[in-house]
Structures are given as structure tokens and as C-alpha cells.
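What follows is one structure encoded as C-alpha cells, with my remarks underneath.
For ligands, and for the atoms within them, numbers begin at 1 and follow the listed sequence. In this text, all values refer to a predicted model and were calculated from it rather than measured experimentally.
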Amino acid sequence: MNDVISADSTLPSAAALAALKAIVGSKGWIDEPDRLEPYLTEERGRFRGRCAAVVRPASTAEVAAVVRICAEARIPIVPQGGNTGLVGGAVPAGGIVIAADRLNRIRELDAINRTVTVEAGVILSDLQAAAAAAGALFPLSLAAEGSCRIGGNLATNAGGIQVLRYGNARDLVLGLEVVLTDGRVWDGLTALRKNNTGYDLKQLFLGSEGTLGIITAAVLKLFPQPKVTETALAAVPSVAAAVDLYRRMGDAAGDALTAFELMARLPVEMCLAHIPGVVDPFDAPHPYYVLMKLTSPRPGDPLREAIESVLGEAFEAETVIDAVIASNEAQAAQLWRMRESIPEAQKSEGGSIKNDISVPISRVPEFIDRASAVATAALPGIRVCAFGHIGDGNIHFNLSQPPGADRATFLADWNRIEGLVSAVAHELGGSFSAEHGVGLLKRGSVQKFKSAVEIDLMRRIKRALDPDGIMNPGKVLPPG
Ligand SMILES: Cc1cc2nc3c(=O)[nH]c(=O)nc-3n(C[C@H](O)[C@H](O)[C@H](O)COP(=O)(O)OP(=O)(O)OC[C@H]3O[C@@H](n4cnc5c(N)ncnc54)[C@H](O)[C@@H]3O)c2cc1C
């Protein structure tokens with residue numbers, strides 16, 4: 001585990017801490033070591049931080065008052081949502097954590113405008129449920145939805161399984177409320193779908209991983225609820241066949257194609273071995289699988305016929321070897337459980353070097369071939385565990401340690417192997433981080449793969465909005 005504390009990390013004075021505590025009261029204050037612990041570590045156990053206190057404001061005004069004191073005393077702030085991020089972005093390096101969990105109100109739901117105004121600390125699955133209760137859909141969906149929070153989703157521009165149809169988190173936002181680094185509040189909570197009145201400021205904060213300001217609320221888009229849903233798992237002979245099936249299904253189903261996920265045989269085998277209740281729906285093993293979901297808000301839309309027809313054609317063309325269409329919700333859930341259990345199953349197989357890359361969809365087969373060759377040459381015995389959102393060109397190209405290898409020694413090779421895989425993605429016009437962001441983990445890749453012009457613009461934006469560098473210092477931008 002890496003310690004993120006650097007020499008310039010500051011611990012606030014007792015007077016500053018007392019002033020902060022006075023704003024939020026004892027209910028909004030944590031400074032006991034055992035209660036601080038969950039805020040100092042992160043999902044993958046790669047980084048460990050330190051902070052003087054966790055501050056839990058209950059309103060935007062309290063966030064603003066806390067930030068004003070931090071600005072005056074130059075106290076570093078790390079905004080934290082559900083702390084489910086996968087790149088160490090929410091790990092504190094001194095100063096305080098501002099936790100969003102008490103900013104948890106749904107302020108307004110406008111069924112006609114199809115929008116919801118929600119505070120940053122609302123848990124994603126709670127928002128999904130509130131939208132469903134109002135007969136609408138909030139489509140952002142990811143395996144961490146039971147604990148990640150809207151502010152974190154927007155700060156990381158989260159993706160997930162329905163990007164194909166509804167876009168990334170960024171595409172779901174109409175307005176934002178942000179506490180700036182000097183404690184002023186930018187009220188950009190517009191619910192407008194058309195608003196060409198200068199720079200689109202919200203885009204700066206979306207995906208900025210807490211380095212430019214604290215998102216306190218947002219106006220988000222809602223959609224009609226699906227009335228018809230069909231889920232199918234197809235066994236395919238190759239990644240190229242999966243891409244061919246994607247094209248066929250997209251041509252036939254249009255925007256009804258909502259999710260299209262790839263799983264190689266190895267991660268499926270890991271699920272079968274380690275996740276109770278996961279079963280292989282096919283009689284024989286196959287090289288790759290595609291899990292797809294089609295949805296429509298129109299009752300009676302013949303999606304099942306569309307899937308059957310495309311799978312039939314693909315079978316004739318030898319693009320599909322075998323397929324199963326879920327006959328009820330329980331079967332569909334069973335298929336999704338396999339896909340969503342892969343990271344958990346992989347943990348039982350020792351260390352895993354994670355690569356969250358994207359390339360144009362047409363280049364995914366070449367990426368997987370080339371990256372597999374590069375990784376295997378770099379470390380013989382390494383096990384390629386490719387899966388993910390192939391319909392978005394986004395593959396989780398995870399690499400499990402060779403059987404019997406020492407976990408720590410294997411993980412010590414993370415940066416070298418990740419660099420090789422990212423270089424393949426880059427050569428194919430891709431990204432070294434498709435949906436997880438940069439945080440601490442990928443700052444080196446920003447330096448390596450972004451142009452000098454891009455890095456200069458990013459630094460200028462950071463300096464303009466956070467001249468004293470108090471907001472999530474050391475994240476996203478490369479050192480220097
Ligand atoms: C099992 C699992 C599955 C996942 N699947 C996906 C997936 O499919 N797609 C995907 O994109 N991600 C996925 N993730 C990653 C993670 O869940 C997302 O990045 C999520 O959006 C983070 O939300 P959070 O509330 O946990 O944020 P945190 O982890 O608390 O914070 C993430 C970053 O956002 C900043 N931040 C948090 N709140 C605010 C705020 N209010 N204002 C400003 N900055 C803020 C933090 O400082 C940090 O830099 C997964 C994670 C897990 C554990």
C-alpha cells in the first residue's frame with residue numbers, strides 16, 4: 001500500500017479545527033482514529049491517506065462556510081462521496097475530508113420536465129428508486145450503485161452498463177450547484193435543455209474528480225421507464241465475432257440496444273469457481289460471451305423477435321455459437337450476476353492489475369490481441385481476464401497473477417504492465433482511463449499520453465479555479 005502523504009501535507013491548527021467543528025456541530029464531525037479509518041483507505045487497498053477530521057455538512061451553506069475557513073487557513077480539502085472510486089481520488093493527504101453523506105435530499109422531481117434536483121450525497125440506488133416511484137427512470141447504473149453517491153458519480157463522470165443508450169454521467173446533467181474554492185456558491189441549477197449563453201461551466205466540474213470545487217447538488221435528466229426488457233447471453237468464437245454481433249444488433253434494434261457486455265471465458269470460469277449460485281447456461285465452454293439488454297418504453301415492442309432474428313442470422317454466419325434468451329426477470333438477474341461478480345471472483349485468484357481502457361469499438365479485437373501478446377511477453381504466465389462494456393469500446397483488461405506467484409511481487413509490477421497496455425490503447429486511438437478517472441493512480445499516464453497543450457490547459461484551469469491548490473491536491477494533474 002502506498003502512503004499518499006507528501007512533505008507539504010499540512011495538519012490544520014487547533015483553532016481552525018474548532019472553527020470548522022462549530023459550523024457542523026458534533027453530529028457532522030469525526031476525528032476519532034477508528035471512525036476516521038474508512039475515509040483513509042480505498043476500494044483496492046493501494047493507497048492510504050491521513051486527515052485531521054471528516055467534516056459532514058448538512059447543507060450547501062455549511063459546505064460553503066467550511067470551505068471559506070479552509071481557504072483562509074490553506075487547509076487541503078478532499079471531497080468524498082461513497083469512497084468507491086477505483087483510482088485513489090478520494091484518499092486524503094492531510095487537511096480534512098468533506099463527506100457528502102448528510103447532503104442527502106431529493107429537492108424536487110419535475111415529472112413533466114423529466115428532471116430531478118438532487119443533493120450530492122444521495123446514494124445512486126436511492127435516486128434510481130425515487131425515480132422509479134415517480135414512474136420514471138434514472139439510467140446511470142453500475143455495480144457500486146448501492147454505496148456510491150451522486151456527487152462522486154458526477155465528479156468521476158461515471159459510466160456503467162447503460163452508457164450505450166443513455167450516455168455517461170456527464171450526459172445526464174442539466175445543471176449544477178458547486179461550492180468554489182473560496183467558499184462562494186455557484187448556483188448553476190438550471191433545468192434547461194437549451195441554454196447557449198456562454199461557456200458551459202458545469203462541464204468543468206463534471207469529471208474533475210474534486211480538484212476544482214465541491215459539487216453540492218445537480219439537476220439530472222429522467223427518462224421514461226422501460227416497459228419491455230429482453231436479456232440474452234450469446235457465446236461467440238472471437239472478439240471480432242462479438243463486434244460483428246454488436247453491429248447486427250445495433251442495426252436491428254437501434255436505440256433499444258441498452259447494454260452490450262463482453263466476457264472472456266477465463267473470468268466466467270472464475271465466477272463459476274468462486275461465486276456461489278453462478279451457473280454456466282451452456283453445455284460446453286466457449287471462448288467469449290456477450291451479455292446484452294434491449295429495452296423499450298413502448299409496451300408490446302417486439303424486442304424478443306428482434307433478438308431472435310439477429311441471433312438466428314448471426315448463427316448462420318457463424319458469428320454466434322450458442323445463445324440463451326432469459327425467459328423471466330430471475331433468469332436475467334442470474335445472467336447479470338455473472339457479469340457483475342467478475343471483480344469479486346478475480347479477487348479469489350490473487351493479485352490483479354486493472355486496466356480500464358477504451359478504443360473505437362471497431363478496434364477492440366486488435367486491442368485485445370495486441371495487449372494480450374504484450375502482457376504475456378512482459379510476464380509469462382499472466383492471465384488475461386478481459387471483460388466489460390464492449391458496446392462503448394471500453395474493456396476492463398484485467399490481468400490476474402500467474403498461478404502460485406507471489407501477490408506482492410506481482411502487484412509491484414503494476415506500473416510497468418499498465419504502461420505497456422495503455423500504450424497499445426493509445427496507439428489505437430484509445431484512452432488509458434475510460435471510466436474510472438485519474439485520481440492518484442493514473443497521473444503518470446496523463447503525463448505520458450496527453451499532449452503538452454492539453455496538460456498546459458488543465459494546469460491553467462486548475463490555477464484559475466483553485467489558485468492556492470487546496471482542493472483535492474495532488475490528484476489528476478501530474479506532479480510538477
Ligand atoms: C464494484 C465496483 C464497480 C464499479 N463499476 C463502475 C462502472 O461500471 N463505471 C464507472 O464509471 N465506475 C465504476 N466504479 C467506480 C466508482 O464506483 C465510480 O467512480 C463512482 O462514480 C464513484 O462514486 P463515489 O461516490 O464512491 O465517489 P468517491 O469514491 O467518494 O470519489 C471519487 C472522486 O470524486 C470526488 N468527489 C466525490 N464527491 C464529490 C463531490 N461532491 N464534489 C466534487 N468531487 C467529489 C472525490 O474527491 C474523488 O476524486 C465501480 C466501483 C466499484 C467498487
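Residues F397 and S372 form a side-chain contact, since some pair of their non-hydrogen atoms from C-beta on lies under 4.5 Å apart. Residues V63 and L103 meet the side-chain proximity criterion, which asks for heavy atoms closer than 4.5 Å. Here the side chains of Y166 and D171 are not in contact, with every heavy-atom distance at 4.5 Å or above. Using a 4.5 Å heavy-atom cutoff, the side chains of Y246 and V364 are not in contact. Looking at heavy atoms from C-beta onward, Y289 lies out of side-chain contact with E261 at the 4.5 angstrom threshold. Looking only at side-chain heavy atoms (C-beta outward), L441 and F47 come within less than 4.5 Å of each other.
Heavy atoms of G160 come nearer than 4.0 angstrom to ligand 1 in at least one pair. The closest approach between K475 and ligand 1 stays at or above 4.0 Å for every heavy atom of the residue. Look at S208 and you'll find every heavy atom at least 4.0 Å from all atoms of ligand 1. Taking a 4.0 Å cut-off on heavy atoms, E340 fails to register as neighbouring ligand 1.
In terms of the ring-ring contact (aromatic ring centres under 6.0 Å, His included) criterion, F138 has no residue partners (sequence neighbours excluded).
A side-chain N or O of E177 and one of T216 form a donor-acceptor pair less than 3.5 Å apart. With no hydrogens or angles considered, no side-chain donor-acceptor pair links W336 and E340 at under 3.5 Å. Side-chain atoms of S400 and E349 form no donor-acceptor pair, as typed in the model, at a separation below 3.5 Å. With no hydrogens or angles considered, no side-chain donor-acceptor pair links S422 and S445 at under 3.5 Å.
Counting protein heavy atoms only, atom 31 (O) of ligand 1 is closest to A90 CB, 3.8 Å. Nearest protein neighbour of atom 46 (C) of ligand 1, counting heavy atoms only, is P79 O, 3.1 Å. The shortest contact between atom 1 (C) of ligand 1 and any protein heavy atom is with A143 CB, 4.0 Å. Atom 11 (O) of ligand 1 has G159 N, 2.8 Å as its closest protein atom, hydrogens excluded (heavy atom only). Of the protein's non-hydrogen atoms, A155 CB, 3.4 Å is the one closest to atom 45 (C) of ligand 1. Scanning all protein heavy atoms for the shortest distance to atom 27 (O) of ligand 1 gives G152 CA, 3.5 Å. At the top of the distance list for atom 7 (C) of ligand 1, counting protein heavy atoms only, stands E435 OE2, 3.3 Å.
Heavy-atom contacts of N472 reach the following atoms of ligand 1: 47 (O), 49 (O) (cutoff under 4.0 Å). Against a heavy-atom cut-off of under 4.0 Å, E209 is close to the following atoms of ligand 1: 35 (C), 47 (O), 49 (O). Within the listing of ligand 1, atoms 15 (C), 16 (C), 17 (O), 20 (C), 22 (C), 23 (O), 24 (P), 26 (O), 29 (O), 51 (C), 53 (C) sit less than 4.0 angstrom from a heavy atom of T84. Counting the atoms of ligand 1 from 1 in the order shown, those under 4.0 Å from a heavy atom of T156 are 19 (O), 20 (C), 21 (O), 32 (C), 33 (C), 34 (O). For ligand 1, the atoms lying closer than 4.0 Å to a non-hydrogen atom of A158 are 11 (O), 21 (O). Ligand-side atoms of ligand 1 in range of N153: 20 (C), 21 (O), 23 (O), range being under 4.0 angstrom from any heavy atom. The distance from ligand 1 to the heavy atoms of A144 drops below 4.0 Å at these ligand atoms: 2 (C), 3 (C), 17 (O), 51 (C), 52 (C). Taking a cut-off of under 4.0 Å to the non-hydrogen atoms of G85, the atoms of ligand 1 that pass are 26 (O), 29 (O).
Here R383 does not pair with E269 in a salt bridge; the nearest charged N to carboxylate O distance is not below 4.0 Å. Residues E37 and R48 are paired through a salt bridge, judged by an N-O separation under 4.0 Å between the basic side chain and the carboxylate. Remark: R56 engages D101 in a salt bridge, criterion side-chain N to carboxylate O under 4.0 Å. In summary, E42 and R46 do not engage in a salt bridge, as defined by a charged side-chain N under 4.0 Å from a carboxylate O.
Counting heavy atoms closer than 4.0 Å to ligand 1, residue A100 contributes nothing at all. With a 4.0 Å cut-off on non-hydrogen atoms, H436 touches ligand 1 through its side chain and not its backbone. If you look at E43 next to ligand 1, the close heavy atoms, those under 4.0 Å, all belong to the side chain.
Of all the listed residues (A218, G213, G151), G213 holds the heavy atom that lies closest to atom 43 (C) of ligand 1. Nearest-residue assignment for atom 6 (C) of ligand 1 (options I342, L142, I215, L86; heavy-atom criterion): L142. Taking all heavy atoms of V63, V91, N157, N83 into account, the minimum distance to atom 28 (P) of ligand 1 is reached by N83.
The shortest N or O to N or O distance between G89 and ligand 1 is below 3.5 Å. For the pair S147 and ligand 1, the shortest N or O to N or O distance does not fall below 3.5 Å. At a 3.5 angstrom cut-off on N or O pairs, R149 counts as close to ligand 1. For ligand 1, the polar-atom distance check against G82 finds a nitrogen or oxygen pair separated by under 3.5 Å.
Residue pairs meeting the side chain to side chain donor-acceptor pair (under 3.5 Å) criterion with at least one member in residues 463-480, sequence neighbours excluded: R74-D468, K462-D466, N472-K475.
The environment of R184 atom CZ is sparse: at most 12 non-hydrogen atoms of other residues, nucleotides or ligands sit within 6.0 angstrom.
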